[in-house]
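The model shown is predicted, which means the values in this text are computed figures rather than measured ones. Ligands are counted one by one from 1 in listed order, and the atoms in each one are counted from 1 as well.
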Amino acid sequence: MKGARITALAGGTGSVKLVRGLYTINRSTLTVIVNVGDNVWMHGLYVCPDIDTIVYGLAGILDQPRGWGVKDDTFNFQKQLASLGEETWFQLGDRDLATHVWRTMRLRKGATVSEITKALCERFSIEAKVIPVTNEFVETRVVADHEEMHLQEFWVKRRGRDTVTRIKYFRAAKAQPAPEVLDAIGSADLVIICPANPISSIGPILAVPGVRRALSRTSAKVLAVSPIIGSNPVSGPAGTFMKAMKIEVSPLGVALFYRSFLDEMVLHISDRNLAPRMTGIGVKPKITDVLMRSAEDEIRLAKFLVTDV
Ligand code: FO1
């Protein structure tokens with residue numbers, strides 16, 4: 001359906017390719033609800049990695065091979081900071097840095113993350129709505145070897161090497177959804193859960209009160225694209241986090257995690273044998289090539305998802 005209202009739930013690097021495909025086919029009727037659990041205060045600046053990845057992706061300035069930051073960026077600030085003896089394990093490129101400075105200045109003047117993200121999209125002439133799931137400072141924390149740390153510290157500073165026992169969505173239980181979040185789910189024609197880490201990218205979105213309920217109540221079809229092929233995540237630490245949360249690392253495990261609201265699950269062709277088990281848990285399987293290696297693949301998958309809306 002032309003002009004169908006599509007709402008995507010997204011993290012960063014795993015989601016941006018599909019979000020870009022959806023944007024190409026449905027520019028002005030796309031809303032992206034983005035995870036904020038990865039957000040981190042760094043050198044006094046508020047960094048929102050998933051929001052920035054989606055915004056840079058839609059603006060065409062994302063460093064695509066890395067999946068985060070601005071393409072062709074330089075790292076002079078980082079080098080200078082290191083020479084001053086500051087810890088620089090979280091790389092901030094010079095152009096990317098401007099976003100964090102700009103955002104932090106606005107936060108200090110009282111603007112919300114929603115308002116700042118809207119302004120950022122306007123600066124880049126992005127027609128889609130990109131909205132943080134909440135304006136509150138929710139933080140995904142990893143409990144590893146009985147030590148608790150920010151997700152970025154676990155993944156970037158310590159390179160994901162600790163044994164994870166639990167994931168916590170700090171401050172999520174009392175957070176309010178940001179304006180437009182529940183309405184974007186309730187009034188959509190189609191809701192798409194991007195192929196993102198279910199625990200660290202989609203989990204913090206679902207942990208905000210009201211979101212799961214809105215997903216199970218919406219009259220829109222809710223479909224997810226599997227971030228797992230066989231027993232392997234397409235990227236990132238999804239396997240580690242799913243095991244820690246006692247969830248089977250498979251498309252079926254993901255479907256069970258989303259089961260209370262999920263209508264359909266898109267499986268990679270090599271997982272077609274899982275179709276009967278998917279049907280058995282009440283989730284309709286759809287099968288296609290979920291790998292996005294090029295812009296053409298992003299559009300192909302996006303078109304596949306919206307075909308019968
Ligand atoms: N990921 C890394 O592996 N190393 C980094 O130094 C790093 C810096 C960084 C700076 C800004 C930003 O927006 C993202 C950044 N990321 C970095 C990606 C980020 O850690 C995660 O991949 C996302 O939070 C997951 O969606």
Side-chain angles (χ1 to χ4, degrees), residues 8-20 32-59 61-79 81-82 86-104 113 116-117 120-121 124 130 132-133 137-142 149-162 164 167 169-170 193-206 227 233-242 292:
L9 269 56
T13 43
S15 307
V16 66
K17 294 178 181 183
L18 181 57
V19 168
R20 223 165 19 204
V32 190
I33 299 174
V34 188
N35 171 39
V36 297
D38 295 27
N39 294 4
V40 65
W41 285 96
M42 194 59 66
H43 319 304
L45 302 172
Y46 196 52
V47 183
C48 302
D50 287 357
I51 292 175
D52 293 345
T53 295
I54 298 296
V55 170
Y56 294 161
L58 296 183
I61 61 164
L62 180 70
D63 182 330
Q64 298 213 44
R66 279 194 315 199
W68 50 269
V70 176
K71 68 179 169 191
D72 303 323
D73 214 343
T74 50
F75 288 84
N76 294 314
F77 160 79
Q78 194 80 11
K79 285 181 207 146
L81 203 62
E86 190 66 29
E87 275 195 281
T88 53
W89 53 268
F90 198 69
Q91 293 182 57
L92 296 177
D94 299 328
R95 290 178 195 184
D96 188 27
L97 184 67
T99 305
H100 315 313
V101 171
W102 184 86
R103 173 185 293 122
T104 309
V113 178
I116 297 165
T117 307
L120 192 61
C121 287
F124 286 117
V130 180
V133 63
F137 296 97
V138 169
E139 211 176 277
T140 303
R141 300 193 62 83
V142 177
M149 64 195 91
H150 191 288
L151 174 82
Q152 301 294 357
E153 193 178 345
F154 166 78
W155 183 240
V156 180
K157 185 177 183 183
R158 297 162 73 116
R159 300 185 188 280
R161 57 177 171 247
D162 307 76
V164 182
I167 311 295
Y169 307 121
F170 183 56
I193 318 287
C194 287
N197 189 322
I199 308 301
S200 64
S201 295
I202 305 299
I205 299 179
L206 302 178
V234 175
S235 65
T240 309
F241 292 161
M242 287 173 77
M292 291 169 279

Please verify the inter-ring angle class for Phe77 with His43; under 30° counts as parallel, over 60° as perpendicular, anything in between as tilted.
perpendicular
Please work out which of Trp155, Trp89, Trp68, Phe75 has its closest non-hydrogen atom nearest to atom 14 (C) of ligand 1.
Trp68
Is Thr53 close to ligand 1, meaning an N/O of one under 3.5 Å from an N/O of the other?
no
If you measure from atom 19 (C) of ligand 1 to every heavy atom of Lys157, Gln152, His100, which option wins on shortest distance?
Gln152
List every atom of ligand 1 that sits less than 4.0 Å from any heavy atom of Asp38, numbering the atoms from 1 in the order shown and giving each element.
23 (C), 24 (O), 25 (C), 26 (O)
For the side chain of Asn35 and the backbone of Ser200, is there at least one donor-acceptor N/O pair under 3.5 Å apart?
yes
Nearest neighbour in protein (non-hydrogen) for atom 13 (O) of ligand 1
Pro49 CA, 3.2 Å
Does the Asp73 side chain pair with the main chain of Asp94, one donor and one acceptor, at a distance under 3.5 Å?
yes
What part of Leu92 sits under 4.0 Å from ligand 1 if we count only heavy atoms: the side chain, the backbone, both or neither?
side chain
Judged by atom type as modelled, is there a donor-acceptor pair below 3.5 Å linking the side chain of Gln78 to the main-chain atoms of Leu92?
yes
Is the backbone N or O of Ile199 less than 3.5 Å from a side-chain atom of Asn197, with the two atoms forming a donor-acceptor pair by type?
yes
Numbering as shown, the atoms of ligand 1 that approach Asp50 to under 4.0 Å (heavy-atom distance):
23 (C), 24 (O), 25 (C), 26 (O)
Got a donor-acceptor contact below 3.5 angstrom from the Gln152 side chain to the Asp38 backbone?
yes
Parallel, tilted or perpendicular: ring planes of Trp41 versus Tyr46, cut at 30 and 60 degrees
tilted
Looking at Gln91, which atoms of ligand 1 are within less than 4.0 Å of one of its heavy atoms?
5 (C), 6 (O), 8 (C), 9 (C), 10 (C)
Protein contact of atom 4 (N) of ligand 1 - nearest heavy atom, named by residue and atom, plus distance:
Val156 CG1, 3.3 Å
Side chain, backbone, both or neither: which applies to Asp96 and ligand 1 if a contact is any heavy-atom pair less than 4.0 Å apart?
side chain
